[in-house]
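Everything below concerns the one structure shown next.
We're numbering straight along the sequence, starting at 1.
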Amino acid sequence: MILELNNVTYEYRTKLQTVRAVNGVSFGFEEGKFYAIIGKSGSGKTTLLSLMAGLDLPTSGEILYSGKPMKAIDTDEYRREHASVVYQSYNLFLKMTVLENAMVPLLLKKVEKGEARSRAAACLRDVDLAEDKFLRYPNMLSGGEQQRVAIARSLAGGQRIMLADEPTGNLDSENGKNVIEILKRLAHEKNMLVIVVTHDAEVSSQADIALRMSDGKLSVHGSEKV
């Protein structure tokens with residue numbers, strides 16, 4: 001297991017109460033598989049994704065990356081080297097071209113500019129983006145194309161874990177299907193761990209393993225595909 005959750009709990013406090021957003025979650029995730037975590041708003045799924053991304057630490061329990069407790073890992077290094085996040089709103093740099101956006105994680109790692117350009121272009125091709133779009137700016141692309149750029153940028157960083165927060169939430173059904181097919185292909189062909197959190201049952205139907213989040217608890221949803 002590349003990522004393990006052992007009795008993970010996360011609580012936050014308001015003026016009136018303590019809310020347990022994640023409640024005793026235990027599960028192991030493998031490379032080479034595409035997981036979907038489905039749940040309603042407020043079920044705890046986005047909080048769980050934030051924990052797996054190292055954006056927060058559990059109140060109790062532990063998360064292990066390659067057998068090492070997350071609390072013993074520098075979280076900035078973890079996100080830079082091991083885990084990336086794709087967001088519903090794409091989070092692209094609007095004043096950079098598509099290619100420049102995909103180059104960002106490579107340049108942050110001090111990869112030489114020519115090599116970064118070549119590797120970023122390869123990642124854009126991996127997500128089926130036409131080469132005539134590489135020098136355009138994000139606002140010149142459709143929502144589906146922008147999400148492909150966001151996935152390519154995440155892929156360019158070389159992390160083995162890709163976490164996606166409602167990646168189809170702003171897309172029509174056809175573009176949503178295409179994005180999910182791309183994520184599933186990356187998991188299988190590049191031996192990555194890809195986890196999508198979503199409220200869309202159609203997304204979970206495409207997963208190798210579908211999980212359901214409800215009241216902070218995680219359970220297997222339906223039967224596992226092989």
Side-chain angles (χ1 to χ4, degrees), residues 1-10 22 25-37 44-88 90-93 101-112 115-116 119-120 122-124 126-127 147-167 179-180 182-198 207-209 211 213 218:
M1 299 290 177
I2 188 173
L3 194 64
E4 297 176 75
L5 283 64
N6 293 329
N7 200 29
V8 170
T9 294
Y10 183 83
V22 177
V25 169
S26 295
F27 197 81
F29 296 90
E30 301 177 45
E31 287 177 291
K33 289 189 176 180
F34 173 54
Y35 296 81
I37 301 176
K45 62 186 188 300
T46 296
T47 301
L48 185 65
L49 181 137
S50 294
L51 294 171
M52 293 188 290
L55 296 169
D56 287 299
L57 292 174
T59 305
S60 62
E62 64 178 1
I63 299 175
L64 305 176
Y65 170 73
S66 292
K68 189 173 183 180
M70 190 81 75
K71 61 186 178 183
I73 302 172
D74 180 275
T75 52
D76 289 336
E77 179 184 353
Y78 171 73
R79 289 189 298 275
R80 186 172 60 250
E81 302 293 336
H82 306 299
S84 62
V85 183
V86 175
Y87 294 96
Q88 177 178 343
Y90 323 131
N91 287 14
L92 299 176
F93 298 105
N101 266 277
M103 290 170 61
V104 166
L106 294 163
L107 296 177
L108 289 174
K109 292 183 176 184
K110 309 299 183 184
V111 175
E112 186 272 327
E115 182 183 351
R119 287 166 59 178
C123 290
L124 289 166
D126 282 338
V127 299
Q147 191 60 286
R148 292 183 193 207
V149 177
I151 293 169
R153 181 178 62 186
S154 182
L155 183 63
Q159 295 95 326
R160 303 306 306 160
I161 299 172
M162 185 179 293
L163 305 164
D165 188 7
E166 298 281 6
V179 163
I180 293 305
I182 289 167
L183 292 172
K184 184 162 60 172
R185 189 176 74 222
L186 293 177
H188 296 165
E189 295 182 1
K190 296 188 177 293
N191 197 38
M192 297 175 66
L193 165 59
V194 178
I195 304 173
V196 171
V197 300
T198 181
D208 297 315
I209 299 176
L211 303 166
M213 197 84 182
L218 189 69

message: Tell me whether R160 contacts the main-chain N or O of N191 through its side chain, where contact means a donor paired with an acceptor under 3.5 Å.
response: yes
- prompt: Would a 4.5 Å heavy-atom cut-off, applied to side chains only, mark P69 and L64 as touching?
  reply: yes
message: Using every non-hydrogen atom in the two residues, find where L183 and A164 come nearest and quote the distance to one decimal.
response: CD1-CB, 4.5 Å
Hey, can you pull the donor-acceptor pairs under 3.5 Å for the side chains in residues 46-59, sequence neighbours left out?
from, atom 1, to, atom 2, distance (Å)
S50, OG, T46, O, 3.2
T59, OG1, E11, N, 2.8

Shortest non-hydrogen separation from G44 to V22 and the atoms involved: O-CG2, 4.0 Å
query: H188 and D208: side-chain contact (heavy atoms from CB on, under 4.5 Å), yes or no, with the steps?
result: CA-CA 10 Å; H188 296 165; D208 297 315; 2.7 Å; yes
- prompt: Are I180 and F34 close enough, and set up right, to give a side-chain contact (heavy atoms from CB on, under 4.5 Å), and what steps lead you there?
  reply: CA-CA 10 Å; I180 293 305; F34 173 54; 3.9 Å; yes
field: Nearest-0.5 Å distance that lies between atom CE in M103 and atom CG in N101
entry: 10.5 Å
- prompt: Under 3.5 Å, side chain of Q147 to main-chain N/O of Y87, donor-acceptor pair present?
  reply: yes
- request: Keeping the roles fixed (side chain from Y35, backbone from L193), state whether a donor-acceptor pair exists under 3.5 Å.
  value: no
task: Of all the heavy-atom pairs spanning A156 and A102, show the shortest one and how long it is.
output: CB-O, 3.4 Å
- request: I would like to know whether L211 and K45 meet side-chain contact (heavy atoms from CB on, under 4.5 Å); could you show each step before the answer?
  value: CA-CA 10 Å; L211 303 166; K45 62 186 188 300; over 6 Å; no
- request: Taking all non-hydrogen atoms of both residues into account, name the closest pair between L106 and A116 and its distance.
  value: CD1-O, 3.5 Å
query: For residues 63-78, which residue pairs qualify under side-chain hydrogen bond (donor to acceptor under 3.5 Å, both in side chains), counting only residues two or more places apart or in two chains?
result: Y65-H82, D76-R79
- prompt: S84 side chain to M162 main-chain N or O, any donor-acceptor pair under 3.5 Å?
  reply: no
field: Any residue meeting side chain to side chain donor-acceptor pair (under 3.5 Å) with N91, in chain and number order, not counting sequence neighbours
entry: S89
- prompt: Of the non-hydrogen atoms in E62 and V8, which two are nearest, and what is the gap between them?
  reply: O-CG2, 3.3 Å
Distance in Å, L186 CG paired with I151 CD1, rounded so as to fall on 0.5 Å steps: 7.0 Å
field: F27: partners by ring pair (Phe, Tyr, Trp, His ring centres under 6.0 Å), with sequence neighbours left out
entry: F29
message: Please report the interatomic distance CE(M192) to CD(E31), rounded to the nearest 0.5 Å.
response: 9.5 Å
message: The criterion is side chain to side chain donor-acceptor pair (under 3.5 Å); which residues satisfy it with R80, sequence neighbours excluded?
response: none
- prompt: Does any N or O in the side chain of K109 come within less than 3.5 Å of the main-chain N or O of G157, such that one atom is a donor and the other an acceptor?
  reply: yes
message: With rounding to the nearest 0.5 angstrom, report the CG to CE distance, L3 to M1.
response: 10.5 Å
- line: Taken in chain and number order and not counting sequence neighbours, the residues that satisfy side chain to side chain donor-acceptor pair (under 3.5 Å) with K190 are D126
message: Taking G61's backbone N and O only, do any of them form a donor-acceptor pair with N7's side chain (distance below 3.5 Å, no angle check)?
response: no
